[in-house]
Amino acid sequence: MSDSKERLIIYQLFPRIFANQNPNCVPWGTLKQNGSGKFNDFTPHILQSIKELGVNCLWLTGVIEHATKTDFSKYGIAPDNPNVVKGEAGSPYAIKDYYDVDPALAVSIPDRMKEFESLVKRIHAEKMKVLIDFVPNHTARVYHSDVAPAGIEDFGKCDNINMNFTRDNNYYYISNQQFYPDFDLGAEGDRPYVEFPAKATGNDCFTAFCSRNDWYETVKLNYGHDYNDNSDHFYPVPDTWMKMLHILRFWASKGIDGFRCDMVFMVPLAFWHWAIPQVKSLYPHIMFIGEIYDVGLYRPFLDYGCFDYLYDKVNLYDTLVGIETHGWSAAQLTGCWQTVDGIGDRMLNFLENHDEVRFGSKAYAGDSLRVIPSLVTSSMISKGPVMIYYGQELGEQARDHEGFAGDNNRTTIFDYWSISTIRRWMNGGKCDDELLSPHERWLRDVYKKVLTLCNDRIALREGAFFDLMYANLRQPGFDPHRHFAFLRYKGDDVLLIVVNFSREESHVNIMIPELAFSMTGMQQGEVVTQDLLWGKSHKLKLSSDSTVSVYLSSADAVVLPVGRLSQFTGSKMSGSQLRGEKKS
């Protein structure tokens, strides 16, 4: 890892879709019809252009080989039964070979791993890190590696399939039952899918009769926990643990910088406590980021589980969604930082990822230009990692009907596709704004400003947080249900940050209590400062006896330096220019 004081700014992208320049994709299109982005498409110029957003880490999603309806058998890759594959491209979380990469991402399929390794080197040359997915809870229904190192056996090869559970089985079995979901296993292709005995499905579905709403394309891996009586059998170390440790070390040896670990709470905590230190003993720089959905498990997975960072989905993300879409009070944000007090800097904050609806979609805000208060809050409330999802910076609204994904307000992970926002921004590799709308240009500039500030300002990069809400809950001119105000500070850099979630403009009056002056070292008196977002000058009277007043348009925010540090990095464009462009 780089300097630990540098905040991690992650850009998640699907190489398959991000780099696909086909403007004529058809729903349910095959690889031949719709095409796929390739590792080789990521030129130094494209990587530099992503980095210019303030990004210092790329999460490449869908790298490891997964089940697909595309036939690569002429390259020695066994075809998958289409009846248990979701979409033409397949789910990137139905892994069929942990030691290989998706062949659709390669120009020369026999050289696919070399092409991936070259991409890692190009990303590192631009001083960015590389994350890939580690999917520990489940595999594709049929797993086989054709490139595993000598001596490595496939998952399930030595299982005792007559046993519902035994410690060293890699899968769980439903004894004497054939897999029989609520859909036709012979609907596609010329051979029905047959599985006997049935294996447990990946979402902890311990029956042979799963439904289309289950993760039917996956099967659950056995880490030594017997779900029959909830007993653990972790010693001696189960076979699945040993296999997974080898896989983690294999990918670490490829030069990557870390893993985004899928559904970590569905795997025993004891495994992470055992495995992560062993990986780090050989590759100390490797990061582990966990996808998790229970705040009660945050501390155990950080402390005992040894994770570096965890998703803060059910705390901060869900609260921001509630404020934007359900009328929740902005005062609830105080509870968010209190919930993770002491570990907040190890929480990864985001507004979009492949599991969630797009911010600008009709299921969320309905308008990507309303993102500023949520973006500023999620990126500036702590010094932990921030993540954006490809196209988010352009206001992607996910209105396509791609195929299996349908119209679900998300960008597909199952289909061969391309998205107009990224395709137009990329513009044949030029990565300019020539084909973007004024709104898209404006929004990308906002993301660039906010994400760059996260590391440019020491108060945001390393500083402490002071919540001003308690002093303003009954303050005239301050609506705690629509406004949120806080300070970030370190040394002479003190920032007053105020956001307006309202759909109306506001003249916001903020009381700064004496305690805030004492803790931040901020001086009382008049100060002329410049908003770091819009470049507008403000004359403020800082006093513990009177309020500071700032104007905010709807869905707006200001970031005001109020300490002795006079290094302003505001936009060269005036606030009125930016606002005019936003409303055009």
Side-chain angles (χ1 to χ4, degrees), residues 27-28 30 62 64-71 77-98 133 135-144 154-157 159-166 169-223 225-228 240 262-263 265-267 291 293 354-355 401-408 410 412-416:
W28 295 97
T30 64
I64 299 180
E65 186 181 3
H66 54 270
T68 177
K69 292 180 183 177
T70 306
D71 187 352
I77 299 171
D80 301 289
N81 191 296
N83 294 288
V84 285
V85 175
K86 290 182 176 178
E88 285 296 320
S91 168
Y93 297 98
I95 303 299
K96 67 179 286 186
D97 186 348
Y98 281 105
D133 289 281
V135 186
N137 176 67
H138 47 265
T139 71
R141 293 211 83 94
V142 177
Y143 180 90
H144 172 65
D154 282 347
F155 286 92
K157 181 178 180 181
D159 281 7
N160 181 348
I161 62 174
N162 296 312
M163 297 291 293
N164 173 276
F165 167 84
T166 185
N169 271 2
N170 297 138
Y171 297 113
Y172 296 95
Y173 295 89
I174 293 88
S175 300
N176 297 316
Q177 290 280 2
Q178 183 170 320
F179 181 55
Y180 198 84
D182 66 356
F183 54 89
D184 185 1
L185 288 175
E188 293 191 56
D190 55 6
R191 56 186 179 95
Y193 178 74
V194 178
E195 180 180 290
F196 182 87
K199 302 183 183 77
T201 297
N203 58 318
D204 290 357
C205 178
F206 292 90
T207 171
F209 313 112
C210 75
S211 76
R212 280 199 177 275
N213 295 325
D214 290 304
W215 302 349
Y216 65 80
E217 79 281 21
T218 69
V219 282
K220 174 85 173 177
L221 283 166
N222 168 22
Y223 282 79
H225 180 77
D226 186 349
Y227 285 86
N228 295 301
T240 300
D262 189 64
M263 305 298 283
F265 57 96
M266 298 183 78
V267 171
E291 177 193 16
Y293 298 111
H354 66 276
D355 287 316
H401 295 255
E402 305 101 328
F404 184 88
D407 182 11
N408 66 353
R410 299 166 175 83
T412 181
I413 66 172
F414 306 105
D415 305 283
Y416 295 112

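Position 1 is the first residue of the sequence, and the numbers go up from there.
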**Asked** Which pair of non-hydrogen atoms, one from G62 and one from P92, has the smallest distance, and what is that distance?
**Response** CA-CB, 3.6 Å

**Message:** Nearest 0.5 angstrom please: C210 SG to I174 CD1, how far?
**Reply:** 9.0 Å

**Item:** Side chain to side chain, I413 and H354, heavy atoms closer than 4.5 Å
**Value:** yes

**Request:** Give a yes-or-no answer on whether the side chains of N203 and D214 include a donor-acceptor pair shorter than 3.5 Å.
**Result:** yes

**Prompt:** So among I161, N164, D159, which one has a side-chain contact (heavy atoms from CB on, under 4.5 Å) with N169?
**Reply:** D159

**Asked** Heavy atoms, side chains only, cut-off 4.5 Å: are P136 and Y223 in contact?
**Response** yes

**Asked** Charged N to carboxylate O under 4.0 angstrom, D204 versus K220?
**Response** yes

**Item:** Aromatic plane relationship, Y171 with F155 - under 30° parallel, 30 to 60° tilted, over 60° perpendicular
**Value:** tilted

**Message:** I need the minimum non-hydrogen distance between F265 and E291, along with the two atoms involved.
**Reply:** CD2-O, 3.7 Å

**Request:** Spell out, as yes or no, whether a donor-acceptor pair under 3.5 Å connects the side chain of N170 to the backbone of G156.
**Result:** yes

**Prompt:** Has the side chain of N83 got a donor or acceptor atom that lies under 3.5 Å from a matching backbone atom of E188?
**Reply:** yes

**Asked** Do you know which two heavy atoms are closest between A140 and A67, and how far apart they sit?
**Response** CB-CB, 4.0 Å

**Complete:** dist K86:NZ -> W215:CH2 (nearest 0.5 Å) comes out at 9.0 Å

**Request:** Mark yes or no for whether D262, through its side chain, and V135, through its backbone, hold a donor-acceptor pair below 3.5 Å.
**Result:** no

**Item:** Over all atoms of both residues, closest heavy-atom pair of Y193 and R141
**Value:** OH-CB, 3.4 Å

**Prompt:** Do K96's NZ or CZ and the ring of Y143 fall within the cation-pi criteria of under 6.0 Å and 45°?
**Reply:** no

**Prompt:** Under a 4.5 Å cut-off applied to non-hydrogen side-chain atoms, are F179 and V194 in contact?
**Reply:** no

**Message:** Checking the side chain of N160 only, and the main-chain atoms of N162 only, is there a donor and an acceptor separated by less than 3.5 Å?
**Reply:** yes

**Request:** Let me see the working for M263 and Y293 under side-chain contact (heavy atoms from CB on, under 4.5 Å), right down to the final yes or no.
**Result:** CA-CA 8 Å; M263 305 298 283; Y293 298 111; 3.8 Å; yes

**Asked** Can you tell me how far CG of N137 sits from CD1 of I95, rounded to the nearest 0.5 angstrom?
**Response** 12.0 Å

**Prompt:** Taking side chain as C-beta onward, heavy atoms only, is L221 less than 4.5 Å from T139?
**Reply:** yes

**Prompt:** Where the side chain of D415 meets the backbone of F404, is there a donor-acceptor pair that is under 3.5 Å apart?
**Reply:** yes

**Asked** Where is the tightest heavy-atom contact between D355 and R410, given as atom of each residue plus distance?
**Response** O-NE, 2.8 Å

**Message:** If I compare all heavy atoms of Y216 with all of S211, which pair ends up nearest, and what's the gap?
**Reply:** CD2-O, 4.0 Å

**Prompt:** Would you call the rings of Y172 and F165 parallel, tilted or perpendicular if under 30° counts as parallel and over 60° as perpendicular?
**Reply:** parallel

**Fill in**
When rounded to the nearest 0.5 Å, the distance separating CD of E402 from CZ of F414 is 10.5 Å

**Item:** Backbone N/O of F206 and side chain of T201: donor-acceptor pair under 3.5 Å
**Value:** no

**Asked** Is any side-chain heavy atom of D154 less than 4.5 Å from a side-chain heavy atom of H144?
**Response** yes

**Message:** Under a 3.5 Å distance rule, please check whether R212 uses its side chain to pair with a backbone N or O of F183 as donor and acceptor.
**Reply:** no

**Item:** Non-hydrogen side-chain atoms of P197 and Q177 separated by less than 4.5 Å
**Value:** no

**Request:** Evaluate side-chain contact (heavy atoms from CB on, under 4.5 Å) for H401 paired with D407, printing each intermediate quantity in order.
**Result:** CA-CA 5 Å; H401 295 255; D407 182 11; 3.2 Å; yes

**Asked** Do side-chain atoms of T240 reach the backbone of N222 as a donor and acceptor pair under 3.5 angstrom?
**Response** yes

**Prompt:** Does T68 reach the main-chain N or O of A89 with its side chain, forming a donor-acceptor pair under 3.5 Å?
**Reply:** yes

**Prompt:** Do D133 and Y93 have side-chain atoms, one donor and one acceptor, less than 3.5 Å apart?
**Reply:** yes

**Asked** So, the side chain of T166 versus the backbone of M163: is there a donor-acceptor pair under 3.5 Å, distance only?
**Response** no

